[in-house]
Amino acid sequence: MTAIEVTDAFTNTAPRAVAVARRHTGLALALLAPSLVFLVLFTYWPIVQVALDALTLTTFGSKAVTYGFGNFARLFDDAAFAHAVTNNLIYAVGTVVPSIALALALALGLEEATGLATTIRTVVFFPVLIPLVAAAALFLFVFLPGIGLLDHHLAKLGAPRTNWLGDPDVALFSLIGLTVWKNAAYYMLFFLAGLQAIPADLYEAARIEGASAVQRFRRVTLPLLGPTFAFVVVIALVNVVTQVDHVVVLTKGGPSDSTNLVLFYIYQQAHENFDAGKAAAATVVSLTALAALSVLSLRTLERAVHYET
Amino acid sequence: MRPLSKVALATAFALSLGLGSAEAATEIEMFFPVPVEGKLAKEMQNLMERFNAAHPDIKAKAVYTGSYDETNLKTHAAIKAGRPPAAVIMSANFVLEYQIGDEIEALDPLVQADGETSDGFMNRFWPALHGNARFAGKIWAVPFHNSTPLLYYNTDHFKEVGLDPANPPKTWAEWSDAAKKLTKRDGDKTVRWGLMLPSNYDYLGWIMTALDMSNGGQYYNTEYGGEVYYDQPSMRGALTFVDNLIHRDKVMPEGVTDGKVVSTAFFAGEASMVSLSTGSLSFIRENMKQGNAVAFVPANIRNGRAIGGASLLMPKGLTAEQKKASWTLINWLTSPEISGHWSRFTGYFAPNKAAYDLPEMKTFLAENPDAKVAVDQLAYARSWFATYSTVAVRKALEDEVQAVLSGKKKPLEALKAAQAKAEEIMAPYVAATAMNLPK
Amino acid sequence: MAASRSPRRPEPARLLGIAFLATVALVWSTPLAWMIVASFRPQSFGGLDMASLVPNFTPTLANWREALDSADFARLYLNTVIVCLGILMVQLVTITLAGWAFARLEFRGRTVLFYAFLLQLMLVPPILIVPNLVTITRLGLYDTLTAVMAPYFASAFGVFLMRQTFRTIPRDYEEAAVMEGAAWWQVVARVLVPLARPGLVAFSIVSVVAHWNEFLWPLMVVSSTENQTLTIGLASFTRGAESASQWGVIAAGTFLVAATLLSALALFPRQFVNSFPFFGVK
């Protein structure tokens, strides 16, 4: 990404470049306009609106409106919000690390395009295509204590009955398990592509130098997969923050808020408690976190996603 | 006025655009939720066709609005926009919030215009349903379909351990004894639970209300929406009873048990006794192969439990014609014939007492003695928990009770925390009402 | 990597690898296998073997009948198709235009604008549900399929992808076309779009999969039954608050919702598998 040519497609003559750049500003804006209209309506304007709502204060029984940081104070005082943030962090680490490790292992194992590898790829890819709500509906039964899919078959191995969704120490990890099942193969595909792009002669050279398989993996494969890692981590983190369908269907954030994630908390404040101020404040906080994440990752991302010209 | 979310407002604008103009026949819309999807929604459309055929001057349309909670959200929104539906079938414990928000019509003038007294009108319905419909001196809602928690038990298991299926437990002592006998262990593994109670959000609040009321408690101030009694002895006793069943007697599984897990376990014979809603009655009766029966939820101090279900309410902001048409619809839907028909179709009991005097209802009850138990239990039923910000105040208790069920907290500390949290949520309302004193 | 290039691993390690893959494949497919078996299983409420993966000797269609009876699946399918294709059509236009502008034109504020676009990559619509609902309502779109689609008409991901794709296309092609007197839009339409087809196809598949499976936004923005999509219809199956669970019916309903994409994958595994990583991790 560092050395992008920005020469013009139609005029290669340097002296005219400035004039051309000006002329193209109009065209460029015209071409960007369709996207910009929708971005303004559904991304930029909402951000402004949420910020305003977060600063608007109302009191029960009075029509008076004041402005200030009261909603944020109430938000940070709310143990449930702190709980949701903590849960979201655990959920982030708990889903991203195993998903990516598994995805990489699968990619390495299924790299060769044999018939069996293709079949296994297809099988592990099924969950990616199932709506998260549908997956959650299935997992309602998978997690049923005692008679569900998991317990029924684990019992044959002598495992005790587990209250997968009803034990506050376990429930979040059950959701993590579901998420890993759902997403691992998606990330696997990126690693497969990344592996295919590593030139074979690099391995050859390493082998000639007498590097073992493990050494070749550590010195050639891993470094060259760096951009892929960056890309997959970003996608996985976005999923962590923006997907709560399974919480809605499976636990509603319980038991005792142990599976409440930030987006579901926002949903609860807005639609169950009719607390628009707190919902807006929580949205602003998560937007800030996401924006920070974006800034950190954009450069990595751009480096990761590039094509050779 | 309660702060209302932007979403509600947004939805309201939207709804206001979708309504057609008045024609010769008065057009009205009714919002209705269906807690059980599918067939019930279709049956409601059938009812609307019957109603419209019988009332050529009215064109009523039933709009399916999702779950109880979604219906609540969409109704709030429509009222704010000034284009409300003419009638809504609303979860009975949300009615109070509409009255607090001054969003619904008092129905007394309409009752009196029909030449009936308010007392006379309410007396058509079971006494247990009055609290959630008539309060603050006026009638705000008409009960449509209702439920109570019941004790479902597996009669095969009862016989197997030497309990008499014809004589189910009536007191907490008998209940706990039966649960101990019915629990089956294999080493330290439990292969059959004596008892299971649903403890997911919403269901748990209802079950705790039932246990508290069976223990002489009130749960909340039926006259004022700013008070709950979470840390009182009646509730402490109820929660300690449950805690003991789980952690001392080990006859109930630890942690939170979803209502679906409870019903599935009962079907599978993995739980011998469960407490579930009347709403599950038809389904269990029709599908369970093992012997099963229902009884009252056992009592400690007295028989008592809360009702559940939904009532019809009429939002403010209707034209005179719409009001009249809406009142005709509400009366028709709660008439003995329709009430009884809906009851037999769904398993909920019919709020209108006269429904049970009709011959088809008598035949039905004779054939289904379990449905009769549900009706008999009504004599001991009380109002459903309703306060300012009902859902949040209920969740304050549920979160703490769930901590006890999971062995994280002891009953007393949990209930004190729940009380404090609930009071914090209700504080704005209390400040504007009971604590709003002459300066 | 081709098999010939692959170093022959020592036997025990290889066996371990195969065992690992087999385990993962088994674990991954079990819930789906159960879904299929259970959807054909007679409703046997008495037993503890509901989790069994062995198909029944007397399969039944009762669950399917009941699932189909519980919701208007034809309508749900139609709505979902309209939503997915509607989003895609608009997206293809917006991302091609914007992608080309960012790839080939030089103009003031390009970098700033590009980063402003990329912001949407993170600030995805689910986070902004509350204000977006207000906007949708002001536009008079509440409870319409357009409302389900509108927030997705612009796609930062798509713009980004198209920019990168256009850059891989050598300029010679365009220059040749320009020599022949073609206008810029003719160049885009006749030269660049055909060459960028793999990128467009890949984006299309990812977009359709994402919106086919979307839940929270349609749940909030649609209220009448006529406008519901598949995922909303399915959620109502699993919600019955006061009813006992019918796992066979839930399994059949889930299958009905997932079936289309699953069969597409089964029929065209290569297109799917190749499309996703097209986002071009090199």
Side-chain angles (χ1 to χ4, degrees), chain A residues 6 8-10 21 24-25 28 31-32 34-35 38-39 41-43 46 49-50 109 111-112 120-124 126 129-131 133-134 137-138 141-142 147-149 152 189-190 192-194 197 200 213 227-228 231 238 242 245 249 270 279 286-287 290 293-294 298 304-307 309, chain C residues 1 3 5-7 17 21 25 28-29 31-32 34-35 48 50-51 94 97-98 101 104-108 118 120 122-124 126 128 130-132 135 151 153-154 164 167-168 171 174 178 209 213 215-216 231 234-235 238 247 250 254 257-258 261-262 265 269 273 276-277 279-282:
Chain A
V6 282
D8 185 72
F10 306 104
H24 284 169
T25 304
L31 295 180
L32 296 178
S35 295
F38 294 111
L39 285 179
L41 275 178
F42 297 108
T43 304
Q49 186 146 43
V50 160
E111 198 186 340
E112 297 169 28
I120 297 183
R121 275 188 210 177
T122 310
V123 165
V124 297
F126 273 131
L129 298 181
I130 295 186
V133 219
L138 275 185
F141 183 81
V142 171
I147 27 192
L149 197 58
H152 179 78
L189 293 182
F190 296 100
L192 277 174
T228 312
F231 183 76
V238 170
T242 58
D245 305 359
V249 176
S286 25
L287 284 178
L290 275 176
L293 189 67
S294 314
L298 276 181
V305 188
H306 84 280
Y307 287 77
T309 40
Chain C
M1 213 200 289
R5 283 194 262 136
S6 173
L21 290 174
W28 254 236
S29 56
L32 300 164
W34 175 80
M35 171 177 84
L48 286 162
M50 279 181 287
T94 58
L97 296 179
R104 288 292 198 257
L105 296 179
E106 195 186 341
F107 52 94
R108 260 177 294 163
L118 285 191
Q120 193 223 19
M122 294 289 170
L123 308 184
V124 288
L128 298 168
V130 176
N132 276 347
T135 309
F153 283 158
Q164 306 304 92
R167 283 190 170 171
T168 64
R171 280 151 196 276
E174 294 165 63
V178 171
V209 170
N213 294 342
F215 175 63
L216 210 50
T231 47
L234 177 71
T238 58
W247 299 106
I250 289 178
T254 309
V257 172
L261 291 184
L262 292 186
L265 171 65
V273 170
F276 280 83
F279 295 108
V281 187
K282 264 236 54 169

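Just so it is clear: chains get the letters A, B, ... in the order the sequence lines come, proteins before strands, and each one is counted from 1.
C/Gln120 and A/Thr43 get closest at one heavy-atom pair: CG-OG1, 3.6 Å. Between A/His24 and C/Glu106 the shortest heavy-atom distance is CB-O, 3.4 Å. The heavy-atom pair separating A/Leu149 from C/Pro31 by the smallest distance is CD2-CA, 3.9 Å.
In this structure, the side chains of C/Val257 and A/Pro131 come closer than 4.5 Å at one or more pairs of heavy atoms. Side-chain contact between A/Leu31 and C/Phe107: absent, with no pair of heavy atoms (C-beta onward) separated by less than 4.5 Å. A/Leu41 is not listed as a side-chain neighbour of C/Asn132, based on a closest heavy-atom distance of 4.5 Å or more. With contacts defined as side-chain heavy-atom distances shorter than 4.5 Å, the pair C/Leu128/A/Leu287 qualifies. Looking at A/Phe42 and C/Thr135, their side chains come closer than 4.5 Å, going by heavy atoms from C-beta outward. Within the 4.5 Å cutoff, side-chain heavy atoms of A/Leu138 are placed close to those of C/Leu32. A 4.5 Å side-chain heavy-atom check between A/Leu129 and C/Val209 finds at least one atom pair inside the cut-off.
Ring pair C/Phe153/A/Phe38 is perpendicular by interplanar angle, where above 60° counts as perpendicular and below 30° as parallel.
Contact count versus chain A (heavy atoms, under 4.5 Å) is highest, among C/Ser29, C/Pro131, C/Gly17, for C/Pro131. The most heavy-atom pairs under 4.5 Å with chain C, out of A/Ala134, A/Ser35, A/Ser286, come from A/Ser35. Heavy-atom pairs under 4.5 Å with chain C were tallied for A/Val50, A/Ile130, A/Ile120, A/Val123; the largest tally goes to A/Ile130.
Aromatic ring centroids of A/Phe126 and C/Trp28 lie 6.0 Å or more apart.
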